[in-house]
Participant: 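Dropping the structure in here first, questions after.
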Protein chains: 2
Amino acid sequence: MEIAKAFGIVLKKYRTNKGFSQEKLALMCNLDRTYIGLLERAQRQPSLTTIFKICKVLEVRPSEFINEIENIIHQHKK
Amino acid sequence: MEIAKAFGIVLKKYRTNKGFSQEKLALMCNLDRTYIGLLERAQRQPSLTTIFKICKVLEVRPSEFINEIENIIHQHKK
DNA sequence: CACCACCGATGACTATAGTCGGTCGAAGCT
DNA sequence: AGCTTCGACCGACTATAGTCATCGGTGGTG
């Protein structure tokens, strides 16, 4: 389980929990529609500021978001 | 207070606490010597995997690292 | 059927992350 | 006076983040 994959899983989880489409989330984050899709499919690695942008819109603390990524990685390590 | 600046502050704090030079940290992370300096001077934004690489070497959970960034940002907001 | 919202995917592009090799100055030590 | 370690800084490079326009597929609904 790589980091990008874990990020994509957590991103999709928070996005769908909010009921946002990829396009709506992208608009709210000032990001491109296709880029959100790329992130969820683990074909891009976000930068620090992009993580903060997305977390703000999804109303989750970045540290909590990252914490979930760590959990997924560790739980897949064995 | 921008995100990159807060990241630089936290990075330098953890690095010096470990007693590492920029160059030694870079070697241990498989990153470039000058790049660590750029991060500390807030002239670069790390990607997600770079954050995880650095945190592993500094023996800190990424979520804890990010949490400190959030604290610095919020405390400088007013 | 047609239309719609949503998403996957692609190619080409611009902006920036990250590398490499080097110079420089400050501080410490002999 | 040298020598060394550290970090700031530079110019030029390669790799990748992030944008944009577009096409296609799927599932729902009138």
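Residue numbering restarts at 1 for every chain, and letters A, B, ... go by the order of the sequence lines. These values consider heavy atoms only, across backbone and side chains, with no hydrogens, waters or symmetry-generated copies.
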Participant: Can you name the residues that form a side chain to side chain contact (heavy atoms under 4.5 Å, CB included) with A:T34, not counting sequence neighbours?
Facilitator: A:D32
Participant: Atom CD1 of B:I3 and atom CD1 of B:I73: how far apart are they, to the nearest 0.5 Å?
Facilitator: 5.0 Å
Participant: Got a sec, which residues hit side chain to side chain contact (heavy atoms under 4.5 Å, CB included) with B:R61, two or more places apart in sequence or on another chain?
Facilitator: A:N67, A:E70, A:N71, B:S63, B:E64
Participant: Mind calculating the distance between NZ (B:K53) and P (C:dA17) to the nearest angstrom?
Facilitator: 15 Å
Participant: Using the rule that Ile, Leu, Val, Met, Phe, Trp and Tyr join whenever any side-chain heavy atoms are under 4.5 Å apart, tell me whether B:F52 and B:L27 fall into a single cluster.
Facilitator: no
Participant: Output the rounded distance in Å from CD (B:Q43) to P (C:dA15).
Facilitator: 19 Å
Participant: Suppose we screen for ring pair (Phe, Tyr, Trp, His ring centres under 6.0 Å). Which residues come up paired with A:Y14, at least two apart in sequence or across chains?
Facilitator: A:F65
Participant: List in numerical order all residues of residues 44-51 of chain A for which some heavy atom is under 4.0 Å away from an atom belonging to DNA chain D.
Facilitator: A:R44, A:Q45, A:P46, A:S47, A:T50
Participant: Quick one: A:K12 NZ to C:dC7 C1', roughly how many Å, whole number?
Facilitator: 9 Å
Participant: Give me, pair by pair, the N or O atoms of the protein and of nucleotides 21-25 of chain D that are less than 3.5 Å apart, along with how far apart they are.
Facilitator:
unit_1 : atom_1 : unit_2 : atom_2 : d
D:dT22 : O4     : A:R33  : NH2    : 2.6

Participant: Return the set of residues passing salt bridge (charged side-chain N to carboxylate O under 4.0 Å, His left out) with A:R15 (not counting sequence neighbours), or none when no residue passes.
Facilitator: A:E40
Participant: Can you name the side chain to side chain donor-acceptor pair (under 3.5 Å) partners of A:T49, sequence neighbours left out?
Facilitator: A:S47
Participant: Distance check needed: C:dG8 P versus A:L39 CG, whole Å only.
Facilitator: 12 Å
Participant: Strictly under 3.5 Å: I want the nitrogen or oxygen pairs between protein and nucleotides 4-6 of chain C, one per line.
Facilitator:
none

Participant: Would you kindly confirm whether A:M28 and A:L39 end up in one hydrophobic cluster when ILVMFWY residues are joined by side chain heavy atoms under 4.5 Å apart?
Facilitator: yes
Participant: Go through the structure and list residues passing side chain to side chain contact (heavy atoms under 4.5 Å, CB included) with B:A4, not counting sequence neighbours.
Facilitator: B:A42, B:Q45
Participant: Rounded to the nearest angstrom, tell me the gap between atom CD1 in B:I36 and atom P in D:dA8.
Facilitator: 11 Å
Participant: Once side chain to side chain contact (heavy atoms under 4.5 Å, CB included) is applied, do any residues pair with B:S21, and if so which ones, sequence neighbours excluded?
Facilitator: B:E23, B:K24
Participant: Check side chain to side chain donor-acceptor pair (under 3.5 Å) between A:K12 and all other residues, then give those that pass, not counting sequence neighbours.
Facilitator: none
Participant: Nearest whole angstrom, please: distance from the P of D:dC13 to the CG of B:L38.
Facilitator: 18 Å
Participant: Would you kindly compare A:L31 and B:T16 by the position of their nearest DNA chain D nucleotide and give the one closer to the 5′ end?
Facilitator: B:T16
